[in-house]
Each structure stands twice: as structure tokens, then as C-alpha cells.
Q: 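Next up is a structure, given as C-alpha cells.
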Amino acid sequence: MMISCLPADDSIEDIYGRFFYDFRTSGFEGDIDCSQAVRAVLSTNNSIYQIYPEAALFPRHSQDVQCIAKLLGQAQFRDVVVAPRGGGAGTNGQSLTNGVVVDLSRHMNRVSVSAKSLLTSGKRSGGSFRSRETLDDC
């Protein structure tokens with residue numbers, strides 16, 4: 001099976017252009033990437049599906065995620081579609097969208113374990129348990 005060709009068009013729908021314009025002044029500290037290369041990479045995951053997104057957001061911390069939710073809550077952006085992405089290992093296309101991919105794997109990828117109690121742990125959505133250096137530091 002071969003993956004189909006992606007569109008060469010690098011344009012972004014108007015609503016997403018307005019969303020990113022407002023987004024740049026909203027206090028978001030993460031990365032915004034509308035490049036064709038990133039969009040091509042995020043158009044696939046571990047499934048058979050391929051959906052080309054408008055752009056990707058890479059939040060640095062939970063405040064950035066809150067910033068995304070706050071902007072999406074505004075009436076003019078109700079038609080903006082987002083899909084969260086961690087490792088992109090879903091097998092049913094869950095992280096794919098023709099809207100905005102919110103990729104948590106670039107910056108929010110640490111696993112934290114409480115030194116007081118190893119029974120409680122906090123895992124950010126972009127993190128995985130494949131890396132042990134954080135666990136070994138406890």
C-alpha cells in the first residue's frame with residue numbers, strides 16, 4: 001500500500017489565519033508551525049489514514065494549553081477544529097485532523113513521579129514511559 005500524495009497547496013483557510021493572528025498575541029509561549037513539512041509529518045500516525053492539517057501548535061506548558069482552550073472558546077473561533085496528539089501512536093486516526101494538531105510531544109514530554117509516594121505519578125499527554133532518566137532521578 002502506498003500513501004497518497006499530499007496537496008502542494010500551502011494556503012491556510014481564513015478562519016485559521018485569523019485564529020493564528022490572535023493567537024500570537026494571546027500569551028502563548030509554545031511553537032506555531034504552518035510549514036508544509038510539519039503538516040506532512042502530522043498528516044499520518046500509526047493508522048492507515050492520512051489527513052493534512054492546517055497547522056500545528058506545540059504548547060510548552062499547561063498554561064499554553066489553557067491559552068488554546070480560552071481562544072477556542074471565543075465565538076469567532078467555534079468552527080476551528082483541533083486534535084490533541086501525544087506520540088501519534090493511535091491506530092484509528094485519533095490524532096489526525098484537517099484543522100489544528102495540538103502536539104504535546106515536543107515540549108510536554110516528561111514523566112514526573114512524586115518522590116514522596118511512588119504510587120502517585122503525573123504524566124503529561126506528550127510523555128511516554130520509554131525514557132527512564134526521570135524515574136531514575138527519584
Side-chain angles (χ1 to χ4, degrees):
M1 179 189 319
M2 185 187 323
I3 295 176
S4 62
C5 292
L6 292 169
D9 184 11
D10 223 8
S11 64
I12 295 176
E13 287 185 40
D14 286 344
I15 189 168
Y16 292 98
R18 291 191 308 271
F19 178 73
F20 293 127
Y21 178 81
D22 285 4
F23 207 72
R24 293 180 200 284
T25 61
S26 68
F28 183 76
E29 296 178 4
D31 306 323
I32 302 170
D33 198 329
C34 301
S35 71
Q36 196 170 23
V38 166
R39 293 164 73 186
V41 168
L42 296 179
S43 71
T44 62
N45 63 0
N46 201 28
S47 70
I48 62 171
Y49 305 106
Q50 182 177 31
I51 303 173
Y52 196 66
E54 290 287 325
L57 299 174
F58 299 93
R60 289 195 183 276
H61 40 67
S62 60
Q63 292 86 354
D64 279 350
V65 176
Q66 291 173 354
C67 187
I68 295 168
K70 184 177 178 182
L71 201 59
L72 287 171
Q74 295 180 12
Q76 69 266 30
F77 299 125
R78 287 202 178 130
D79 291 331
V80 170
V81 177
V82 298
R85 183 178 177 112
T91 58
N92 295 317
Q94 302 95 319
S95 66
L96 303 179
T97 181
N98 60 351
V100 178
V101 174
V102 179
D103 191 328
L104 303 164
S105 67
R106 182 179 287 180
H107 302 295
M108 298 180 69
N109 56 11
R110 297 273 188 238
V111 176
S112 60
V113 178
S114 170
K116 293 181 182 178
S117 170
L118 292 176
L119 297 176
T120 62
S121 67
K123 181 176 180 261
R124 295 179 177 181
S125 298
S128 69
F129 287 102
R130 67 177 174 254
S131 174
R132 293 189 51 207
E133 68 265 1
T134 305
L135 296 174
D136 292 340
D137 291 340
C138 293

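As a basis for the values below, the full set of heavy atoms in this structure was taken, side chains included, without hydrogen atoms, waters or symmetry mates. Owing to the predicted nature of the structure, the values given are computational and were not obtained by experimental measurement.
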Q: Please round to the nearest 0.5 Å and tell me the distance separating atom OG of Ser26 and atom NZ of Lys70.
A: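 Result: 8.5 Å between the selected atoms.
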Q: Less than 4.5 Å apart, side chain to side chain, heavy atoms only: is that true for Pro53 and Ser43?
A: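 Yes. Closest side-chain heavy atoms under 4.5 Å.
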Q: Could you tell me the separation between the OH atom of Tyr49 and the CD atom of Gln94, rounded to the nearest 0.5 Å?
A: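 Answer rounded to 0.5 Å: 9.5 Å.
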Q: For a 4.5 angstrom cut-off between non-hydrogen side-chain atoms, does Phe28 reach Leu71?
A: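 No - every pair of side-chain heavy atoms lies 4.5 Å or more apart.
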Q: Provide the closest heavy-atom pair for Gly86 versus Ser105 in the form atom of the first, atom of the second, distance.
A: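 Heavy atoms only, the tightest pair is O-CB, 2.9 Å.
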Q: When you look at Asp22 and Phe77, which way does the side-chain contact (heavy atoms from CB on, under 4.5 Å) test go after all the steps?
A: CA-CA 10 Å; Asp22 285 4; Phe77 299 125; 3.3 Å; yes
Q: Heavy-atom distance under 4.5 Å between the side chains of Phe23 and Ile68, does that happen here?
A: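 Yes - at least one pair of side-chain heavy atoms lies under 4.5 Å apart.
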Q: Between CG of Leu104 and CZ of Arg60, what distance do you get to the nearest 0.5 Å?
A: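 Rounded to the nearest 0.5 Å, the CG-CZ separation comes to 13.5 Å.
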Q: Among Val38, Leu96, Asn45, Leu42, whose side chain to side chain contact (heavy atoms under 4.5 Å, CB included) with Val101 holds?
A: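 Result for side chain to side chain contact (heavy atoms under 4.5 Å, CB included) with Val101: Leu42.
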Q: With a 4.5 Å heavy-atom cut-off, do Thr97 and Ile51 have their side chains touching?
A: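 Side chain of Thr97 against side chain of Ile51, heavy atoms only: no contact under 4.5 Å found.
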Q: Provide the closest heavy-atom pair for Glu54 versus Arg39 in the form atom of the first, atom of the second, distance.
A: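 Reported closest heavy-atom pair: O-NE, 3.1 Å.
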Q: Can you confirm whether the side chains of His107 and Asp31 place a donor and an acceptor under 3.5 Å from each other?
A: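 Judged by distance alone, the side chains do pair up.
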Q: Within the structure provided, determine whether Ile15 and Phe19 are in side-chain contact (heavy-atom separation under 4.5 Å).
A: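 No - every pair of side-chain heavy atoms lies 4.5 Å or more apart.
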Q: To the nearest 0.5 Å, how far apart are CZ in Arg85 and CG in Leu57?
A: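 Between Arg85 CZ and Leu57 CG, I get 13.5 Å after rounding to 0.5 Å.
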Q: Has Asp64 got a side-chain atom pairing as donor or acceptor with Glu29's backbone, closer than 3.5 angstrom?
A: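 Indeed, once roles are kept as given, a pair shorter than 3.5 Å links the two residues.
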Q: What are the two closest non-hydrogen atoms of Cys67 and Gly27, and how far apart are they?
A: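 Looks like SG-C, 4.5 Å.
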Q: Any non-hydrogen side-chain atom of Gln76 less than 4.5 Å from a side-chain atom of Arg18?
A: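 Answer no - side chains too far apart.
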Q: Please tell me if the side chains of Pro59 and Met108 come closer than 4.5 Å, counting only heavy atoms from C-beta onward.
A: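 Result yes, sub-4.5 Å side-chain heavy-atom pair found.
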